[in-house]
Amino acid sequence: MVEIVNVIGSGLLDVEFDLERVAADIGSIAEYNPDKYPGMYLRFAEDAPLVTVYRTGKYIVTGADSEEEAYSIRKRLLNLLADNEMIPTSEDEWFRIQNFVCTAELGESLNLNALTIGLGLENTEYEPEQFPGLIYRPSGADCVVLLFASGRVVITGSRDLDVAKETFAVVQDEVSDILALD
DNA sequence: TACCTATGAACTTATATACCTGGCTTCT
DNA sequence: AGAAGCCAGGTATATAAGTTCATAGGTA
């Protein structure tokens with residue numbers, strides 16, 4: 001069972017913002033400290049995903065629990081800007097999911113040293129003194145899998161949820177084959 | 001050698017995972 | 001006072017973004 005824990009998306013509005021003014025107009029849900037970071041932060045509610053808006057009109061949504069939530073936050077951003085007459089009307093406007101961060105469970109404790117060998121040294125990184133997880137980059141898959149001795153797994157870097165799910169299924173098979181020989 | 005351009009990396013945010021360490025508090 | 005426990009932060013992963021600073025290379 002692959003569970004989404006974080007969705008990151010980015011988009012473009014075909015306008016240039018004066019973030020100082022935008023932050024002032026929007027009020028307390030906006031936070032802008034150009035000395036610290038060039039983006040303006042926007043959070044609709046305490047536990048809501050974070051939106052980072054840039055001078056160029058580009059923006060990022062981080063911390064969504066689903067693709068739907070990321071899109072609904074984007075819609076709220078568009079509505080908010082429209083209400084404040086910073087209307088981003090353009091054909092160039094776009095938004096896409098850039099990264100799904102997921103967790104999953106293999107249901108058994110893992111011998112990470114055996115897995116490093118079994119999954120292939122060229123595809124794995126395991127330095128327990130540096131980080132307790134095994135970093136696995138399955139060849140061909142455009143995502144990265146972190147495996148922990150507890151059997152818990154993190155799948156990250158995928159733009160497509162189905163890719164993350166398929167990758168986990170493959171890893172699940174590979175791991176059970178390797179551990180059967182161990 | 002001096003100056004200019006180009007590249008690249010750190011910064012920030014979210015999030016799970018887990019292991020170590022330092023600092024602080026609490027209990028004996 | 002010393003031991004024990006707890007909490008926070010650093011370690012690593014992906015990804016977008018703009019700014020800023022460093023370094024590399026090339027040209028004069």
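Just so you know, these numbers come straight off a predicted model, no measurement behind them. Here is the naming used below: chain letters follow the sequence lines, and residue numbers restart at 1 for every chain. When reading the values below, keep in mind they use all heavy atoms of this one structure, side chains included, and skip hydrogens, waters and symmetry mates.
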A.B. asks: Given B/dA18, B/dT13, B/dA14, which nucleotide is nearest the side-chain atoms of A/I8?
C.D. replies: B/dA14
A.B. asks: Return yes if a side-chain donor-acceptor contact under 3.5 Å exists between A/S10 and A/Q98, otherwise no.
C.D. replies: yes
A.B. asks: Testing A/L12, A/T52, A/L13 for side chain to side chain contact (heavy atoms under 4.5 Å, CB included) with A/Y59, which one passes?
C.D. replies: A/L13
A.B. asks: Figure out the OH/C1' separation between A/Y126 and C/dT13, and round it to whole Å.
C.D. replies: 16 Å
A.B. asks: What is the distance from CD of A/E31 to P of B/dT13, rounded to the nearest Å?
C.D. replies: 9 Å
A.B. asks: Tell me whether the OP1 or OP2 atom of C/dA14 has a side-chain N or O from A/R159 closer than 4.0 Å.
C.D. replies: no
A.B. asks: Would you indicate what A/I135 reaches in the nucleic acid, counting non-hydrogen atoms under 4.0 angstrom: base, sugar-phosphate, or nothing?
C.D. replies: sugar-phosphate
A.B. asks: What are the residues of residues 45-77 of chain A, sorted by number, that bring a heavy atom to within less than 4.0 Å of DNA chain B?
C.D. replies: A/L50, A/T62, A/G63
A.B. asks: With respect to A/L115, which candidate in A/L134, A/T124, A/V171 satisfies the side chain to side chain contact (heavy atoms under 4.5 Å, CB included) definition?
C.D. replies: A/L134
A.B. asks: Roughly, in whole Å, what's the span from CG in A/D142 to C1' in C/dA16?
C.D. replies: 16 Å
A.B. asks: Could you say whether A/G133 or A/R43 is positioned toward the 5' end of DNA chain B, judged by the nucleotide with the nearest heavy atom to each?
C.D. replies: A/R43
A.B. asks: Would A/V51 and A/I73 count as a side chain to side chain contact (heavy atoms under 4.5 Å, CB included) here? Give the steps.
C.D. replies: CA-CA 8 Å; A/V51 182; A/I73 288 293; 3.4 Å; yes
A.B. asks: I want to verify a distance call: between B/dA18, C/dT15, B/dA16, whose nearest atom is closest to the A/F148 side chain?
C.D. replies: B/dA18
A.B. asks: Tell me the bend of the helix from B/dT1-C/dA28 to B/dT28-C/dA1 as the angle between end helix axes, each from five pairs, rounded to the nearest 10 degrees.
C.D. replies: 60°
A.B. asks: Send over the distance from A/Y136 OH to B/dA16 C1', rounded to a whole Å.
C.D. replies: 20 Å
A.B. asks: Would one find a side-chain N or O of A/Q130 under 4.0 angstrom from OP1 or OP2 of C/dA12?
C.D. replies: yes
A.B. asks: For the residue pair A/G157 and A/C143, what are the closest heavy atoms and their distance?
C.D. replies: C-CB, 4.1 Å
A.B. asks: Between the side-chain atoms of A/T103 and the base atoms of B/dA16, is any donor-acceptor pair under 3.5 Å?
C.D. replies: no
A.B. asks: Check every strand shown and say whether A/S158 touches a base, only sugar-phosphate, or nothing at a heavy-atom separation below 4.0 Å.
C.D. replies: nothing
A.B. asks: Under 4.0 Å between any heavy atoms, over every strand shown, what does A/V144 touch: base, sugar-phosphate, or nothing? Just pick one.
C.D. replies: sugar-phosphate
A.B. asks: Does a side-chain N-to-carboxylate-O contact under 4.0 Å join A/E31 and A/R43?
C.D. replies: no
A.B. asks: On the 0 to 90° scale, with breaks at 30° and 60°, tag the A/F95-A/Y71 ring pair as parallel, tilted or perpendicular.
C.D. replies: perpendicular
A.B. asks: Looking only at the side chain of A/F131 (C-beta and beyond, no hydrogens), which of the listed nucleotides C/dT15, B/dA18, C/dA14 gets closest?
C.D. replies: B/dA18
A.B. asks: Do the side chains of A/R74 and A/E93 get close enough for a salt bridge, i.e. N-O under 4.0 angstrom?
C.D. replies: yes
A.B. asks: Regarding A/E125, tell me which of base, sugar-phosphate or nothing describes its non-hydrogen contacts under 4.0 Å with the strands shown.
C.D. replies: sugar-phosphate
A.B. asks: Base, sugar-phosphate, or nothing for A/F100, non-hydrogen atoms under 4.0 angstrom?
C.D. replies: nothing
A.B. asks: Looking at C/dA14, I'd like to know if its phosphate oxygens (OP1 or OP2) sit under 4.0 Å from a side-chain N or O belonging to A/R137.
C.D. replies: yes
A.B. asks: Do A/I97 and A/V154 belong to the same hydrophobic cluster, where Ile, Leu, Val, Met, Phe, Trp and Tyr are linked whenever their side-chain heavy atoms lie under 4.5 Å apart, directly or via other members?
C.D. replies: no
A.B. asks: What is the distance, to the nearest angstrom, from the CD atom on A/E129 to the P atom on B/dA18?
C.D. replies: 19 Å
A.B. asks: Compare all side-chain heavy atoms of A/L77 with those of A/V53 and state whether any distance is below 4.5 angstrom.
C.D. replies: yes
A.B. asks: Grab the CG-C1' distance between A/L12 and C/dG18 for me, whole Å please.
C.D. replies: 14 Å
A.B. asks: In whole Å, what is the span from the CG atom of A/L13 to the P atom of C/dG18?
C.D. replies: 12 Å
A.B. asks: Linking I/L/V/M/F/W/Y whenever their side-chain heavy atoms sit closer than 4.5 Å, directly or via other members, would A/V145 and A/L110 fall into one cluster?
C.D. replies: yes
A.B. asks: Can you tell me how far P of C/dT15 sits from CD of A/Q98, to the nearest Å?
C.D. replies: 9 Å
A.B. asks: With a 4.0 Å limit, can you tell me whether A/R152 has a side-chain N or O closer than that to the phosphate oxygens OP1/OP2 of B/dA18?
C.D. replies: yes
A.B. asks: Identify which nucleotide among C/dT15, C/dA16, C/dA17 has an atom closest to any side-chain atom of A/N99, counting heavy atoms from C-beta outward.
C.D. replies: C/dT15
A.B. asks: Between A/A149 and A/K36, which residue's closest nucleotide on DNA chain B lies nearer the 5′ terminus?
C.D. replies: A/K36
